[in-house]
Every structure is written in structure tokens, then in C-alpha cells.
*Asks:* 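One structure, pasted below without further comment.
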Amino acid sequence: MSDKKKSLTVFRSDRHEDVAAIIASALIVVVVLTYMAFIVPSVGIKAPQDGKLVEIFVAEGAEVKKGDPLYSLEVVKKKWVNNVMEEKVAVESFTAKANGKVLKVSGKPGDAVKKGKQAIVVMEHEKGTLP
Amino acid sequence: MEDKGLFGKILAIVPGLAVMIGTLYVLRVYVEPWMKDAVVFGRKGWLVQVLSLNYILLSILTGMFYRNILFGGKIPAWAEEGFRTTRLFIKTGVIMLGSLYTFDKLLKVGGIAITLIVAFVFGTAIFILWLGKRLDADRSVTATMAAACGVCGVSAAVATAPGVRAKPVDLALSIATILGFGIMTMFVSPFVGKMLALSDYQFGAWVGTGILNSGQVLATCLAFNPNFAPGTAVAYGEIWNVVRVICIPFVVFFITAWYWKGEADAEHVSLGSILASKFPIFVLGFVGMTALSSLHILGAEGSETLHLMRDVMAWVFGVGLVGLGAYIDVREIRAAGGKPLRIGLIAGATKYVLALIIILAFIPKEGAF
Amino acid sequence: MTPPVTPPMKLLLALDDGPGARRAVDEAIRIAREKGATLDALFVIDATWDVFTGHDWLSGCNSRIGFLEYMQGLEEKAAAESARAFLELRGDMPGELLTAPGDVVDVIREQAAKGYDLLVLSNPFTRGLEVMRDAVARLTRDAPCDVLLVRADTK
């Protein structure tokens with residue numbers, strides 16, 4: 001019965017719990033990285049923030065290298081400058097993070113895109129790289 | 001207790017864990033999108049924009065609802081084991097937060113964080129030691145409250161208590177005070193932050209300095225801005241948090257030494273043994289994660305890999321926060337009173353407001369990264 | 001008019017370590033003497049401190065364990081003191097002295113359901129973390145037997 005008093009955690013002690021948390025996060029990292037590098041067949045590249053598609057630089061079937069621009073987006077950039085929120089509209093281009101092949105281009109210039117919602121470009125990447 | 005074996009233990013966790021994950025799933029997938037469009041008081045998205053309700057606050061509130069209303073004040077036996085995994089989730093989330101930084105970023109902000117925290121931690125502790133004398137409080141009460149208000153709330157109180165021979169009743173009252181104050185600040189701070197148009201950097205710095213419980217710092221930052229990315233409130237707040245957590249052993253040492261000073265049968269306190277027994281190991285995991293991110297192993301900024309990683313992180317935290325809510329027992333907090341309450345309120349409020357003033361005066365809105 | 005022979009009345013005294021503890025013991029002993037009852041006393045060692053500190057999930061490493069061990073030590077000391085005081089006052093009255101760990105109210109309810117006629121406790125009942133909760137309300141809500149609340153000493 002005296003064990004009961006220490007059983008806030010499911011582990012033997014809080015030290016064990018700390019170690020378990022470290023192992024758990026390491027596991028998550030390994031799983032996510034392996035999944036992205038080797039398992040996932042294709043990746044839909046989504047807009048990192050809300051904006052309007054300006055241009056798409058790649059065509060379906062094209063081979064791209066890491067660092068090649070994929071598309072550009074007109075976004076509202078918010079930045080604190082001298083304690084004032086400065087908002088300006090800018091066109092930013094986004095690049096490929098891994099070598100691969102473009103499978104499909106689903107967006108077209110002029111489309112309004114929402115952050116993390118629809119894929120603009122679907123890419124197949126080289127195994128072992130992180131898209 | 002009979003030994004149920006590993007399999008039995010895992011099985012016992014399932015129901016409670018399922019409740020936590022299910023709750024979070026419903027909140028994120030159904031409730032949050034609905035709130036964004038819901039028209040309240042003739043304004044679309046009023047719940048989100050004015051009350052700053054997001055899935056973080058909702059998770060905590062739902063957890064509180066389970067414990068206090070649905071379960072009638074006690075987590076039932078079938079769910080107990082599952083809810084005990086709460087801290088595992090939050091700690092894992094905290095470790096994964098390390099991936100938001102690289103070492104050069106940490107160094108840029110670390111200096112300011114350390115200066116502010118050390119000043120506030122020892123400032124508060126010394127202020128309470130004085131206040132305790134003024135209010136004629138018991139030395140052990142004063143010492144516990146000094147640790148609690150100085151660094152990390154309950155963690156620090158718990159770490160100090162045995163060293164200063166705190167009495168159970170006083171301790172219960174101190175912990176209740178700290179929790180009550182912390183929960184209040186958790187819901188008030190995002191409002192204040194939005195009202196004063198604080199930037200993420202300022203908000204993280206303020207909350208990290210001013211809020212008592214480290215856990216609540218994270219929850220508050222996420223309530224202010226639920227995004228996990230470099231430069232968001234939680235990314236700044238967590239730096240403050242880590243510095244604070246590392247501070248605990250030193251504060252415990254300082255206060256225990258104060259408590260025994262001038263006593264004939266003084267206990268031998270050594271910094272080394274306190275460090276060995278109280279150093280938070282999970283901080284090492286956090287640093288390890290920062291190392292991985294500094295070596296660019298986790299994928300480039302803006303890559304889908306990192307997006308997925310941060311998404312997982314948000315889920316891990318969310319599950320933990322439902323559990324956190326379920327550990328908040330309103331009755332216990334309502335019972336707060338006596339000298340700990342007075343000390344806690346005076347010191348806590350002073351620290352909270354003073355931190356805000358200092359941040360507004362000295363911390364620029366533009367973040368360091 | 002004499003009632004049929006019944007087994008002797010059974011009293012349960014819930015011990016606590018608050019300001020009303022002494023009066024509750026006195027009352028229980030007085031009633032037990034009057035009725036020729038057996039008097040069992042129960043001291044519950046509060047085992048819910050871990051959940052109380054559970055609010056803070058970062059209370060890392062050994063600090064929480066050290067704390068729980070410290071609390072356990074204090075609880076055991078309180079149990080021993082309470083038991084000593086009770087035994088001294090009781091003298092040679094029949095009855096058992098029980099000590100059990102757990103959630104204070106739950107353990108008392110469980111015990112009280114084992115065929116006792118009357119449960120005696122002080123009001124307010126301050127055992128362990130029950131100072132923070134409303135033990136009396138929880139105990140008296142569909143209590144398994146009659147309950148006598150003994151008020152604390154008024155000065």
C-alpha cells in the first residue's frame with residue numbers, strides 16, 4: 001500500500017519519468033524523420049502562411065534540386081520595427097528543401113491560399129532526404 | 001498492491017489516455033473550427049478574438065470540467081492510471097520545444113533571460129523573507145513561500161519543504177495559493193497581452209518572469225499564440241522557463257541556508273547534494289534537442305518535415321494540458337487562506353506587475369529571432 | 001419494555017490532528033462508557049499528497065519524492081501521537097485502534113460501513129489534506145451510519 005503514495009507518475013520515480021520523456025521525444029523525432037525520409041511516397045508542399053499565389057516556377061514532371069524555387073507567394077509581412085507593427089505586402093519565393101520530381105501542380109497563379117491547408121505542389125523526393 | 005505486470009499496467013493506462021486524446025481530438029477538429037466562425041454578440045469569431053479561446057485554453061478548461069463537475073471532484077479509478085501520464089506528455093513536449101532553437105539563438109536571448117530571472121528570483125525571495133517577518137509569519141512558511149514565489153511555484157515549494165521543516169497545513173495552504181494565483185494569471189495574461197499589444201517576445205519575457213508556476217508559463221504563452229515556431233511567445237517563454245527550472249536547486253540552497261542560519265543544531269546543507277538530488281534531468285533532453293536542431297538534422301526551416309514535427313508537438317502538449325486541467329481541483333484552491341495567501345498575493349501581484357513594467361520599459365517589441 | 005438482547009453498540013471514532021481532536025475523543029469515550037459500547041478508533045494516513053502536488057508537472061526529479069517521503073514521515077508521526085493520546089484517554093475500554101493509508105474520507109466511509117452504529121468525528125475535521133476539502137460534507141452525504149459531529153473547543 002505504501003507504494004501508492006508515490007504513484008503520481010506511472011513510472012517508478014520522477015527520474016524515470018524524465019528519462020522516459022527524453023526517450024519518448026527521441027522516438028518521436030526518429031519516427032517523424034524516418035517517415036518523412038523513407039516512407040512517405042509524396043509530399044504536398046503547403047503554404048507556410050496565408051497569401052496569394054503569384055507564380056509557379058515548376059511544371060509537372062520537372063526534376064528539381066534542393067534550393068530551386070518552387071512558387072512565389074504574395075504575403076503580408078508583419079514585423080515589429082521600433083515598437084510599431086509594420087505591415088507590408090511582399091512577394092516571397094519558396095524553395096524546394098530536397099531533390100526530387102514534381103508530380104503535380106495543383107495551384108495556379110492568382111489563387112488565394114491558406115496557411116497549411118491545400119498543397120500547391122506535390123513532390124516526390126529522393127529517399128533519405130527531408131522534404 | 002498486487003503486481004499487474006507490464007502488460008496489465010499498460011492496459012490500465014488505456015481508458016484514461018483515450019479520454020485525454022479523444023477530448024483533444026474533438027476540441028481541435030470540431031470545436032476550434034466552429035469557434036472561428038461562430039457569431040457571438042454580432043461578431044464573427046468573437047470567442048477567439050476577444051476571449052482568446054484556443055484549443056490550449058479549451059483543453060485545460062475541459063480537463064477542469066471533467067475533474068470538478070463530471071467526475072465530482074475526483075478522477076475515477078478507471079481513468080486514474082491514464083491521467084497519470086499527463087506529466088510524461090508535457091515533459092516530452094518541453095523537450096521537443098528544444099527543436100525550436102539553435103545554440104546561437106539561445107545565446108542571443110539567454111543573457112537577457114538570465115539577468116531578468118536572477119534579479120527577479122532573488123529579489124522576490126528576499127522581499128518575501130522581509131515580508132514574512134513583517135507579517136509575523138512562521139519561518140518555515142516564509143521560506144516555502146519565498147521559494148515558491150521566487151522560482152517555480154509548486155516545484156520549488158515542494159523542493160524546499162523538507163529542508164525547512166514545513167508543516168502539512170501550511171504547505172497545503174501555500175500550494176493552494178500558488179495554484180490559484182497561477183491559474184488566475186493563466187487566464188488573465190493573454191487578455192492583458194493583447195490589450196497592451198505586446199509582441200510575442202515581450203509576452204514570453206513577461207510571462208516567463210512574472211508567472212509563478214513554470215507549467216503555467218507554457219500554457220499562457222500558448223494561449224496567447226498557439227503556434228509552435230521560432231519567434232512565437234512559447235519559443236521565448238520556454239527559454240525563460242528552462243533558466244528558471246535550472247535555478248531551483250540554487251534557490252533551495254539559498255533558502256535552506258537562510259532557514260538554518262543561527263540555529264545551534266543547524267542541518268548541514270551542501271549545494272552539491274542539493275544539485276545532485278534536485279537537478280531536473282529533462283533539461284538535458286531539451287539541450288540535446290537544440291543540438292540536433294543546431295546541426296540541421298531535423299529538416300530545414302519551412303520544410304514539411306518540420307511542420308509535421310511541430311504538429312506532433314502540438315498534439316503531445318494538448319494531451320498533457322487536458323490532463324493538467326483534470327488535476328486542478330477547484331475546492332482545494334478555494335480553501336487557500338491564512339498567511340500564505342496574504343504573502344502570496346502581495347508578492348505574486350507585485351512581481352507580476354513589476355515584470356510587466358520592466359518589460360514594457362526595457363524589452364523591445366522586435367524579437368531577437 | 002426492556003429491548004431484546006442486542007449485540008453491544010459499536011462506535012467508530014475518526015481521529016484527526018486538528019484543534020477539535022481532543023474533544024471528539026472525550027465525547028466518543030463518554031458515549032461509549034454510557035452505552036457500554038465498543039469503541040474503535042481510526043486514524044487515516046493521508047495518501048493523496050502526490051495528487052495535490054500533481055498540479056505542477058515540472059516538479060522534476062527527486063524533489064517530489066523527497067517531499068512525499070517527508071510528508072509520509074510527518075503523517076506517521078501524527079498517527080503515532082494521535083494513537084498515544086487516544087490510548088491514554090481510553091484506558092481499558094474494549095475496542096481496536098486502526099491505522100490505514102488512503103484517501104481520508106473514502107477510508108473512513110469504508111470502515112464506517114462495516115456494521116458501526118455511530119461515527120464520531122470533530123468538526124471541522126482536519127486530517128491531512130482534508131483541511132483543504134470539505135471532509136464533513138463528503139462524509140455526511142449518505143453516510144453509512146449515524147454521525148456525531150463534535151465541535152472544536154471554543155475559548
Side-chain angles (χ1 to χ4, degrees), chain A residues 1-4 7-11 14-37 40 42-49 66-67 70 78-86 92 94-98 115-116 119 121-123 125 129-131, chain B residues 1 3 9-10 12-13 80-99 197 199-202 227 229 277 279-286 288-289 292 296-313 316 327 360 364-367:
Chain A
M1 208 51 190
S2 72
D3 282 344
K4 213 177 166 185
S7 55
L8 173 67
T9 147
V10 286
F11 298 97
D14 290 38
R15 281 240 153 135
H16 288 83
E17 189 182 69
D18 275 26
V19 175
I22 294 177
I23 294 172
S25 41
L27 255 165
I28 292 177
V29 168
V30 169
V31 168
V32 167
L33 293 188
T34 326
Y35 174 75
M36 288 310 272
V40 73
S42 66
V43 176
I45 314 266
K46 301 172 193 92
Q49 57 187 120
K66 183 178 172 182
L70 291 178
K78 290 181 181 173
K79 210 181 154 198
W80 292 100
V81 177
N82 298 325
N83 291 343
V84 184
M85 173 76 94
E86 208 171 68
E92 249 189 280
F94 295 88
T95 56
K97 308 295 177 203
K115 173 186 165 187
V121 175
V122 180
M123 257 184 71
H125 58 281
T129 56
L130 296 171
Chain B
M1 295 214 99
D3 194 13
K9 267 188 194 157
I10 293 174
I13 291 173
E80 226 183 344
E81 286 295 319
F83 276 91
R84 286 205 179 110
T85 56
T86 296
R87 300 193 321 159
L88 176 67
F89 278 94
I90 305 237
K91 273 184 189 164
T92 307
V94 168
I95 291 171
M96 289 185 71
L97 274 181
S99 69
S199 70
D200 282 89
Y201 181 39
Q202 287 178 315
N227 290 323
S277 66
F279 186 79
I281 302 182
F282 73 93
V283 169
L284 299 179
F286 177 89
M289 203 56 101
L292 288 184
H296 304 292
I297 290 174
L298 303 176
E301 188 57 49
S303 67
E304 292 298 318
T305 313
L306 264 189
H307 286 163
L308 181 65
M309 191 86 78
R310 285 176 191 156
D311 229 27
V312 173
M313 194 149 69
V316 168
Y327 275 113
L360 281 174
K365 278 198 188 323
E366 50 265 56

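Numbered from 1 within each chain, the chains take letters A, B, ... in sequence-line order.
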*Asks:* At a heavy-atom separation under 4.5 Å, does Y35(A) approach chain B through its side chain, its backbone, both, or neither?
*Replies:*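 The answer is the side chain of Y35(A).
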
*Asks:* Quick one: what part of K66(A) sits under 4.5 Å from any heavy atom of chain B, side chain, backbone, both or neither?
*Replies:*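 When you check distances to chain B, no heavy atom of K66(A) falls under 4.5 Å.
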
*Asks:* Which of these, V312(B), T92(B), V94(B), L97(B), sits in a side-chain contact (heavy atoms from CB on, under 4.5 Å) with S25(A)?
*Replies:*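 One option only clears the test, and that one is T92(B).
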
*Asks:* With rounding to the nearest 0.5 angstrom, report the CD to OG1 distance, E17(A) to T86(B).
*Replies:*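 Result: 9.5 Å between the selected atoms.
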
*Asks:* Is it the backbone or the side chain of V283(B) that comes under 4.5 Å from a heavy atom of chain A, or both, or neither?
*Replies:*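 Neither the backbone nor the side chain of V283(B) comes within 4.5 Å of chain A.
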
*Asks:* Just wondering, do I281(B) and I22(A) contact through their side chains at under 4.5 Å, heavy atoms?
*Replies:*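 Sidechains of I281(B) and I22(A): in contact.
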
*Asks:* A21(A) and K91(B): which non-hydrogen atoms are nearest, and at how many Å?
*Replies:*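 Heavy atoms of A21(A) and K91(B) come nearest at CB-CB, 3.6 Å.
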
*Asks:* Could you look at L306(B) and say if it's the side chain, the backbone, both or neither that has a heavy atom under 4.5 Å from chain A?
*Replies:*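 L306(B) has no heavy atom closer than 4.5 Å to chain A.
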
*Asks:* Indicate the atoms forming the closest heavy-atom contact of I45(A) with E304(B), along with that distance.
*Replies:*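 Of all heavy-atom pairs spanning I45(A) and E304(B), the closest is CA-OE2, 3.7 Å.
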
*Asks:* Heavy atoms only: give me the nearest M36(A)-L308(B) pair and the separation to one decimal.
*Replies:*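 Shortest heavy-atom separation between M36(A) and L308(B) comes out as SD-CD2, 3.7 Å.
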
*Asks:* Write down the atom of I28(A), the atom of M96(B), and the distance for their closest heavy-atom approach.
*Replies:*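 Shortest heavy-atom separation between I28(A) and M96(B) comes out as CG2-CE, 3.5 Å.
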
*Asks:* Would you check, one step at a time, whether the test side chain to side chain contact (heavy atoms under 4.5 Å, CB included) holds for L33(A) with I297(B)?
*Replies:* CA-CA 9 Å; L33(A) 293 188; I297(B) 290 174; 4.2 Å; yes

*Asks:* Decide yes or no for M289(B) and V29(A): does some side-chain heavy atom of the first lie under 4.5 Å from some side-chain heavy atom of the second?
*Replies:*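 A side-chain contact exists here, since the closest heavy-atom pair is under 4.5 Å.
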
*Asks:* Is the shortest heavy-atom distance from the side chain of D18(A) to the side chain of L284(B) under 4.5 Å?
*Replies:*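 Of all side-chain heavy-atom pairs linking L284(B) with D18(A), none is under 4.5 Å.
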
*Asks:* Which one of G98(B), A197(B), S303(B), S99(B) has the most heavy-atom pairs closer than 4.5 Å to chain A?
*Replies:*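 It is S303(B).
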
